Amino acid sequence: IFALRSSYYFSTGVVEPSSSLRSPPRVPNLIGGKFVDSQSSSTIDVINPATQEVVSQIPLTTNEEFKAAVSAAKHAFPAWRNTPITTRQRVMLKLQELIRRDIDKLAMNITTEQGKTLKDAHGDVFRGLEVVEHACGMATLQMGEYVPNVANGIDTFSIREPLGVCAGICPFNFPAMIPLWMFPVAVTCGNTFVLKPSEKDPGENLLVHTLCIRFGAPLHGASIILAELAMEAGLPNGVLNIVHGTNDIVNAICDDDDIRAISFVGSNTAGMHIYSRASAKGKRVQSNMGAKNHAIVLPDANTNATLNALVAAGFGAAGQRCMALSTVVFVGDSQSWENKLVECAKSLKVNAGTEPDADLGPVISKQAKERVCKLIESGVESGARLLLDGRNIVVPGYEDGNFIGPTILSGVTADMDCYKEEIFGPVLLCMEADSFEEAIHFVNRNKYGNGAAIFTTSGSAARKFQTEIEAGQVGINVPIPVPLPFFSFTGSKASFAGDLNFYGKAGVNFFTQIKTITQQWKDLPGGGVSLAMPTSQ
Ligand code: NAD
């Protein structure tokens with residue numbers, strides 16, 4: 001395998017051989033159109049969460065390398081912003097075609113590094129692909145406005161211009177979708193980009209390399225594959241750059257004077273730090289953060305459809321989705337559905353994501369598993385009833401994996417740590433409310449506002465919910481109401497910091513500066529100087 005891998009790299013010259021010849025492989029940076037091995041001696045292991053195998057290592061990119069990436073983006077900007085919008089759109093048209101071509105490879109890479117099931121990994125790619133498709137219509141999305149003759153012979157129009165160098169900082173849970181929320185919109189608007197993938201699943205891993213060599217197709221991991229595809233689609237060198245690392249590189253991104261805007265997705269601790277540090281430097285920041293998404297279940301809801309939706313949204317991706325439904329508020333008689341919910345959850349198959357029968361895979365790390373188990377324990381100690389306990393699950397063939405089976409805690413109250421903290425694991429909290437009003441009031445007291453759903457057959461209850469609930473994304477009999485890219489991802493309250501959300505119109509506004517031009521093309525008036533405020537009369 002290593003002989004083959006090295007011959008591939010030597011023959012293509014895609015990357016410095018040193019990074020690819022290492023075992024495990026070291027993930028390269030992408031600077032100015034070249035995949036280059038970092039000179040850093042510090043690395044972090046990327047671990048397959050189902051097996052504990054070290055699949056690759058990421059470098060803690062040096063400051064010089066980071067500066068080189070920003071400089072490459074800065075130098076690529078003037079030519080790229082002057083590239084016709086139709087050409088930029090065509091790169092996206094080609095990119096969406098190439099992502100479809102390589103979707104299986106991308107999904108396999110995601111499952112190996114992140115752990116989610118292959119089917120879910122396909123969804124991860126597909127939801128990002130939809131943003132690329134949307135960016136194909138950028139000429140219309142970026143269009144300005146025009147009002148002729150605002151005063152005698154004077155016209156005013158506005159245009160949206162790219163900002164310059166923008167950056168993206170990603171979490172581990174959607175290794176394809178979230179980079180694709182960011183760079184396609186940014187670059188099609190005419191910006192250049194520096195992407196920092198999550199250190200937990202940056203791409204390039206041994207299993208994927210082994211498979212791709214077997215099938216004759218050179219491969220890296222999600223962010224790296226996406227960047228390769230973008231360049232194959234025609235993105236010029238330097239328009240998209242990738243650097244790896246953790247806090248230091250993130251702080252360097254916040255502080256760099258050449259970076260104009262930062263897209264962040266991740267936890268509140270990192271997100272609020274980045275928001276305040278980068279804003280203090282005058283940058284635009286959009287920061288999508290943590291969540292505690294509630295479902296309110298009314299007794300008139302369709303029982304089976306509701307329970308299936310709760311189980312899918314609570315335990316899918318092992319609960320590691322920012323829009324996972326982690327808390328259910330049963331109203332009135334629907335409280336008696338808890339037993340059926342447990343039966344439904346018990347039927348789920350926990351296995352490595354590569355196994356065809358897997359419904360949910362492992363959580364990302366041993367530390368994550370430990371944290372989730374501690375929160376379950378603290379719930380029990382505070383008086384919650386453990387209706388289903390997935391902590392001691394053993395998956396044959398994957399005994400070392402970070403697996404937690406579906407877990408259900410009932411009788412949870414607002415003061416418990418398991419409720420106050422985002423668990424980010426396959427744990428569903430059940431609470432009870434005597435009335436619909438009480439349930440709405442309860443949900444609104446939570447600090448997060450990413451999403452909330454209601455299950456009911458009553459139109460008036462649904463309407464009351466949609467009006468009164470304080471969450472940015474509302475589902476009515478829809479458990480995970482993530483909007484498609486022609487809308488925006490509109491998390492609110494503590495789940496978002498900034499003004500302009502990801503993708504949709506807001507995403508285009510985020511990555512562009514509006515410029516308003518007032519022009520007069522008639523013979524200039526004579527008759528002396530007037531210092532009075534000009535009016536349109
Ligand atoms: P994380 O905050 O640990 O990491 C995200 C990024 O921030 C990484 O690239 C990491 O290197 C960097 N980072 C982490 N701590 C930092 C620090 N102290 N200083 C500077 N940089 C730092 O998040 P994660 O564990 O990778 O992802 C899970 C979190 O992301 C959950 O809270 C989840 O709800 C959230 N999330 C939110 C959305 C959304 O759209 N609202 C989507 C996906 C994930």
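In this text the structure is predicted, and so the values were computed from the model without any measurement. Atoms within each ligand, like the ligands themselves, are counted from 1 in listed order.
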Considering both backbone and side-chain atoms of [X], is one of its nitrogen or oxygen atoms within less than 3.5 Å of a nitrogen or oxygen in ligand 1?
X      : answer
Ala270 : no
His273 : no
Cys322 : no
Asn288 : yes
Asn251 : no
Phe174 : no

What's the shortest distance from atom 44 (C) of ligand 1 to any protein heavy atom, and which residue and atom give it?
Asn173 OD1, 3.3 Å
Identity and separation of the nearest protein heavy atom to atom 24 (P) of ligand 1:
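Heavy-atom neighbour on the protein nearest atom 24 (P) of ligand 1: Phe172 CD2, 3.6 Å.
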At a 4.0 Å threshold, what atoms of ligand 1 neighbour a non-hydrogen atom of [X]?
X      : value
Phe264 : 5 (C), 6 (C), 7 (O)
Trp181 : 40 (O)
Gly290 : 32 (O), 34 (O)
Glu422 : 31 (C), 32 (O), 33 (C), 34 (O)
Ile178 : 42 (C), 43 (C)
Val250 : 20 (C), 21 (N)

Could you tell me whether atom 4 (O) of ligand 1 has at least one protein heavy atom nearer than 4.0 Å?
no
Tell me yes or no: between the side chains of [X] and [Y], is some donor less than 3.5 Å from an acceptor?
X      : Y      : answer
Thr407 : Asp389 : no
Gln367 : Arg371 : no
Gln286 : Ser263 : yes

For ligand 1, note which part of [X] has a heavy atom under 4.0 Å away: side chain, backbone, both or neither.
X      : value
Phe424 : side chain
Thr269 : neither
Phe502 : neither
Glu199 : side chain
Met289 : backbone

Cationic N near anionic O, under 4.0 Å, Asp124 to Lys116:
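Result for this pair is yes, salt bridge flagged.
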Quick test of your reading of the model: are Glu421 and Lys374 salt-bridged, counting only N-O distances below 4.0 Å?
no
Can you list every ring pair (Phe, Tyr, Trp, His ring centres under 6.0 Å) pair that touches residues 270-294, not counting sequence neighbours?
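For residues 270-294: His294-Tyr419.
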Member of Phe510, Phe174, Trp181 meeting the ring pair (Phe, Tyr, Trp, His ring centres under 6.0 Å) criterion with Phe489
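With Phe489 as partner, Phe510, Phe174, Trp181 yield a single ring pair (Phe, Tyr, Trp, His ring centres under 6.0 Å), made by Trp181.
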Run Glu381 and Ser378 through side-chain hydrogen bond (donor to acceptor under 3.5 Å, both in side chains) and show every step you take.
CA-CA 5 Å; Glu381 281 166 6; Ser378 81; over 6 Å; no
Applying ring pair (Phe, Tyr, Trp, His ring centres under 6.0 Å), can you list everything that pairs with Phe465, at least two apart in sequence or on another chain?
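Per chain and number, Phe465 pairs via ring pair (Phe, Tyr, Trp, His ring centres under 6.0 Å) with no residue.
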Below 4.0 Å from ligand 1: does a non-hydrogen atom of Cys170 turn up there or not?
yes
Residue-ligand contact Arg321/ligand 1, heavy atom below 4.0 Å:
no
